Structure formats: C-alpha cells, structure tokens
Protein chains: 2
Amino acid sequence: MSTDSSEFMTPMMRQVVANFGEMGSRWGINRTVGQIYALLVLSEAPLNADQIGEALCISRSNVSMGLKELGSWQLLTTVHYPGDRKDYFNAPEDIWQIARTLVAERRKREIDPTLSVLRDALMQTPQDSRDAYAQKRIHQMHDLMEQLTQVSEEFNQLSTEQLTRLLKLGAGLGKVLDFKGKLTGKS
Amino acid sequence: MSTDSSEFMTPMMRQVVANFGEMGSRWGINRTVGQIYALLVLSEAPLNADQIGEALCISRSNVSMGLKELGSWQLLTTVHYPGDRKDYFNAPEDIWQIARTLVAERRKREIDPTLSVLRDALMQTPQDSRDAYAQKRIHQMHDLMEQLTQVSEEFNQLSTEQLTRLLKLGAGLGKVLDFKGKLTGKS
DNA sequence: TACTATTTTCAGTAATTACTGAAAGTTGAG
DNA sequence: CTCAACTTTCAGTAATTACTGAAAATAGTA
C-alpha cells in the first residue's frame with residue numbers, strides 16, 4: 001500500500017481533476033462526483049473503486065455513492081478482468097457522446113418537469129390581472145424552454161461527425177440562417 | 001401590514017416561483033435567488049426589496065444579497081418613482097435577452113476559466129504515458145468546450161427574431177447542415 | 001451449502017452554504 | 001450639516017449537503 005496517490009494521477013491530471021470538481025459544484029453536481037468522472041475520463045485504463053478512492057483521498061463508501069450517481073446518468077462503462085471480481089470503471093471514448101448524454105439526462109430530470117409545471121399554470125384560468133400578466137410571461141418561458149429542448153434533441157441525434165461539421169461553421173451560423181430562410185420561403 | 005403574502009403572488013405565481021427556486025438549486029443557483037428572479041419575471045410592476053421579502057417570506061437582508069447577486073449577473077432593471085426613495089426592480093421584457101445574458105455570464109464565469117486550465121495542461125510536456133493519454137483527452141475536452149463556446153457566442157449575437165426563426169427550423173437542423181456542407185464544398 | 005470478496009446502505013458527523021438581525025454605511029432633502 | 005429613509009455588510013446561527021465507518025447485503029467459488 002502506497003501512502004501517496006501518485007500511482008493514478010500525475011500533477012497534470014491533478015490540476016484538471018480539481019478544476020472539474022470545482023466546476024461540477026457550480027453546476028449543481030457534487031465536487032467529488034465531478035472529480036471521479038474527470039479521473040475516469042483522463043485515465044486510459046479502467047479503475048476500480050479502491051483505486052479511485054486512493055487517487056482522490058476519499059472513502060470507499062463515498063466512491064460507491066459517486067459511482068452510483070454517475071451510473072444513473074449513464075456516464076460509465078464497466079469492465080471485468082479474469083480472476084478479479086472487482087468492477088472496473090471508465091468513461092466512454094467519444095467525448096461528444098458524453099456531452100450528448102449529459103444534455104439528455106439534464107433535460108429529462110430538470111427541464112421536462114419544469115415544462116410540465118409551466119403547462120399546468122397555462123391551463124389554469126387567470127384569477128385577476130396579475131395572473132393574466134404572469135401567464136403571458138409563463139407562456140414566453142414555456143416557448144423558450146420548449147424550443148431549446150427541441151434544439152437539444154436535434155443536437156443529440158446528430159452524429160459526432162455531423163456535429164463537428166456544424167460547429168466548424170462557426171461564425172457562419174447567422175448567414176446559414178438567413179440563407180435557409182430565403183430558400184424555403186417559409187415564415 | 002398584511003400577514004399573508006398574497007398581495008404580490010397569486011397561487012399560480014406561487015407554483016411557478018417555487019419551481020424556479022427548485023430548479024435554480026439544481027443548477028448551482030441558490031433557491032432564494034431563483035425565487036426572487038421568477039417573482040420579478042412574473043410581476044408586471046417593478047417591486048421593491050420589502051415587497052420581495054414579504055412575498056417570499058425572507059428577511060430584508062437576504063433580499064439584498066439576492067438582488068446583489070442578480071445584479072452582478074446583469075439580470076435586473078431598476079426604476080424609481082417620484083417622491084419614493086426606494087429602488088424598484090424588475091426583469092427585462094425580452095425573455096430571450098434574459099437567456100442570452102445567462103449564457104454569456106455563465107460562460108464568462110465558468111467555461112472560460114476551465115478552458116484556461118485545459119490550455120495550461122496542454123502546454124505542459126507530458127511526463128509519462130499517463131500524461132500522454134490524459135493530454136489526448138484534455139485536447140478533446142478543450143475542443144468540445146471551445147466549439148460550444150463559439151456556438152453560444154453566435155447564439156448571443158442573433159436577434160430575438162432570428163433566433164425564433166432558427167429554432168422554428170426544428171427537425172430540419174440536420175438537413176440544413178448537410179445542405180450547407182454541400183453548398184460551400186468546404187471540408 | 002458455507003465461505004469470502006466485494007459492494008451498498010445508512011445513521012451519525014463534518015463541512016458547506018444559506019439566512020438572519022443588528023450595526024454600519026449611503027444618500028437625498030431640508 | 002443633520003436627519004431620516006433606505007441599503008448593505010457581516011458575525012453568528014440555522015439548514016442543507018457531503019462524507020465516513022460500520023454493518024448489511026450481494027454474489028462468486030468450492
């Protein structure tokens with residue numbers, strides 16, 4: 001048993017892992033979970049729970065909870081080695097696939113329920129002028145969220161190759177838009 | 001002084017405000033700040049800090065901190081009424097402008113610093129094979145984030161009208177992409 | 001079947017984050 | 001300048017969230 005954790009992380013990895021922990025916590029993901037995932041993304045070989053705990057200096061049970069969370073987000077792959085009963089984890093190779101999964105899960109968990117609350121509010125009969133105005137705003141928010149949702153669905157259906165191409169358009173997006181608007185002649 | 005807070009919120013508003021508080025906390029924004037902002041979005045008339053506190057049953061100082069936070073995100077407008085020294089707050093009328101501001105601020109605060117950490121790591125000379133692999137992954141993450149950043153910049157430069165048009169394309173995004181790919185003949 | 005390696009759960013505790021009231025700060029009017 | 005109206009700050013406290021170790025559960029092996 002080694003007392004340091006340099007067996008699994010180089011200084012460079014450490015910096016990036018720390019940053020992703022920080023970043024996660026700003027986006028409502030607990031720090032440890034962010035660090036575990038960064039570690040798995042950066043490690044070529046799959047790691048088992050003990051190795052993750054040692055690398056990040058966290059308890060075995062904390063690792064277990066973190067992995068459970070990441071698993072529920074569909075962000076892990078697991079492998080097994082003959083003669084070793086431990087589970088070994090890593091992140092998918094395709095980084096864009098990871099992004100797609102994240103977008104899809106967050107939508108399912110956070111956007112969809114909110115859309116449902118907004119729709120409920122829109123079904124109600126306004127009781128007074130405050131409700132009337134509120135409904136106007138709720139309608140705007142609902143449309144905004146639904147449209148962004150549709151775009152994210154599109155996004156998630158593009159292949160990684162298509163996506164790369166789309167994003168390379170870069171500064172041309174506005175132009176493509178104008179062009180397409182004229183082309184179809186719609187609205 | 002009224003003991004209930006129904007002066008500023010109808011039951012319908014209450015539901016939506018509560019939901020945005022919840023939602024905020026899942027995205028790393030404190031519940032109260034989310035609620036304050038939802039209240040301001042749904043209220044036609046600008047509200048002062050006392051009114052906000054009464055509506056949400058929170059202390060005056062908590063309102064002050066929440067407004068400070070929202071102000072730092074550029075999400076508020078303020079007005080004053082003659083003979084009244086209080087500040088009155090509300091949210092911009094254009095809901096898409098609010099979304100643009102949110103995207104721009106989050107990028108500035110959270111994405112850009114991470115990109116900078118990733119770039120630092122890429123500048124370093126890999127110490128061993130783990131570093132070599134880690135750099136490969138860091139490179140992928142860097143490119144992904146930079147490309148998404150560019151798209152968000154594009155997004156933020158479109159007018160609300162253009163944006164609406166773009167999002168109405170809906171299921172046509174993939175097709176526009178293929179078309180444009182052939183049109184320009186590039187890459 | 002019993003045995004052991006491994007993972008998960010969970011009650012208690014630690015750490016973090018949010019909130020409050022009191023005090024200090026700011027600003028405009030007279 | 002002084003006063004009053006209003007806002008902000010901040011130290012202390014409350015509430016929430018994260019983490020741990022021990023115990024329970026699970027699953028492979030013989």
Side-chain angles (χ1 to χ4, degrees), chain A residues 1 5 17-18 20-40 46-73 76-90 109-110, chain B residues 1 5 17-18 20-40 46-73 76-90 109-110:
Chain A
M1 43 94 204
S5 45
V17 165
F20 272 76
E22 273 310 306
M23 206 194 197
S25 69
R26 280 199 237 274
W27 288 86
I29 287 158
N30 118 18
R31 186 164 320 210
T32 305
V33 171
Q35 291 180 346
I36 292 175
Y37 203 63
L39 172 62
L40 293 179
L47 302 178
N48 67 44
D50 289 325
Q51 294 172 324
I52 295 169
E54 188 190 336
L56 300 176
C57 303
I58 58 179
S59 71
R60 180 63 185 72
S61 51
N62 201 5
V63 175
S64 179
M65 292 188 298
L67 289 171
K68 185 184 175 188
E69 175 80 3
L70 288 168
S72 81
W73 286 75
L76 296 178
T77 64
T78 63
V79 303
H80 291 98
Y81 298 108
D84 185 346
R85 282 159 63 177
K86 289 191 173 72
D87 297 326
Y88 287 79
F89 300 90
N90 66 156
R109 293 169 185 226
E110 285 140 29
Chain B
M1 43 97 203
S5 45
V17 165
F20 272 76
E22 273 311 306
M23 207 192 195
S25 68
R26 280 199 236 276
W27 288 85
I29 288 158
N30 117 20
R31 187 163 320 211
T32 304
V33 172
Q35 290 180 347
I36 292 175
Y37 203 64
L39 173 62
L40 294 178
L47 302 177
N48 67 43
D50 289 326
Q51 294 172 322
I52 294 169
E54 190 190 335
L56 300 176
C57 304
I58 57 179
S59 71
R60 180 64 184 74
S61 51
N62 201 5
V63 175
S64 178
M65 292 187 297
L67 289 171
K68 185 185 176 188
E69 175 79 4
L70 288 167
S72 81
W73 286 75
L76 296 178
T77 65
T78 63
V79 304
H80 291 98
Y81 297 109
D84 185 346
R85 283 160 62 179
K86 289 191 174 72
D87 297 325
Y88 287 78
F89 300 89
N90 66 155
R109 294 167 185 228
E110 285 141 27

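Quantities reported herein were computed from a predicted structural model and do not represent experimental measurements. For the numbers below, each heavy atom of this structure counts, side chains included, while hydrogens, waters and symmetry mates do not. We name chains A, B, ... by the order of the sequence lines, and we start the count at 1 in each one.
Residue pairs meeting the salt bridge (charged side-chain N to carboxylate O under 4.0 Å, His left out) criterion with at least one partner in residues 62-71 of chain A, sequence neighbours excluded, are absent.
Look at NE2 on A:H80: it is 10 Å from C1' on C:dT6, rounded to the nearest Å. Protein atom CG of A:L47 is 13 Å distant from nucleotide atom P of C:dT7, rounded to whole Å. Atoms CG (A:N62) and P (C:dT9) sit 14 Å apart, rounded to a whole Å. Protein atom CD of B:E69 is 13 Å distant from nucleotide atom C1' of C:dT17, rounded to whole Å. Spacing between atom CG of A:L56 and atom C1' of D:dA18 amounts to 15 Å, rounded to whole angstrom units. Rounding to whole angstrom units, CD1 of residue A:I58 and C1' of C:dT13 are separated by 17 Å.
Annotation: the span from A:N48 atom CG to A:R60 atom CZ amounts to 8.0 Å, rounded to 0.5 Å. Atom CD of B:Q35 and atom OG of B:S25 lie 9.0 Å apart (nearest 0.5 Å). Atom CG of B:L40 and atom CG of B:L67 lie 7.0 Å apart (nearest 0.5 Å). To the nearest 0.5 Å, atoms CD1 (A:I52) and CZ (A:F89) are separated by 6.5 Å. Distance CZ/A:R31 to CE/A:M23: 13.5 Å, rounded to 0.5 Å. Distance check: B:N62 CG to B:T32 OG1 gives 5.0 Å after rounding to the nearest 0.5 Å.
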Could you give me the CA-CA distance, side-chain angles and deciding distance for A:V63 and A:L56, then say whether side chain to side chain contact (heavy atoms under 4.5 Å, CB included) is met? CA-CA 9 Å; A:V63 175; A:L56 300 176; over 6 Å; no
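Here the two rings, on A:Y81 and A:Y88, have centers that are under 6.0 Å apart.
For B:S59 against C:dG21, a side-chain-to-base donor-acceptor contact under 3.5 Å is absent.
Residue B:K68 places at least one side-chain N or O under 4.0 Å from the OP1 or OP2 atom of D:dT9.
Using a 4.0 Å heavy-atom cutoff across all strands shown, A:L67 reaches no nucleic acid atom at all.
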Considering only nitrogen or oxygen atoms on both sides, find all protein atoms under 3.5 Å from nucleotides 4-7 of chain D and state each distance.
residue	atom	partner	partner atom	Å
D:dA5	N3	B:R85	NH2	3.3
D:dT7	OP1	B:D87	N	3.0
D:dT7	OP2	B:R60	NH2	2.9
D:dT7	O5'	B:R60	NH2	3.4

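A heavy-atom distance below 4.0 Å to DNA chain C is reached by these residues of residues 26-36 of chain B, ordered by number: B:N30, B:T32.
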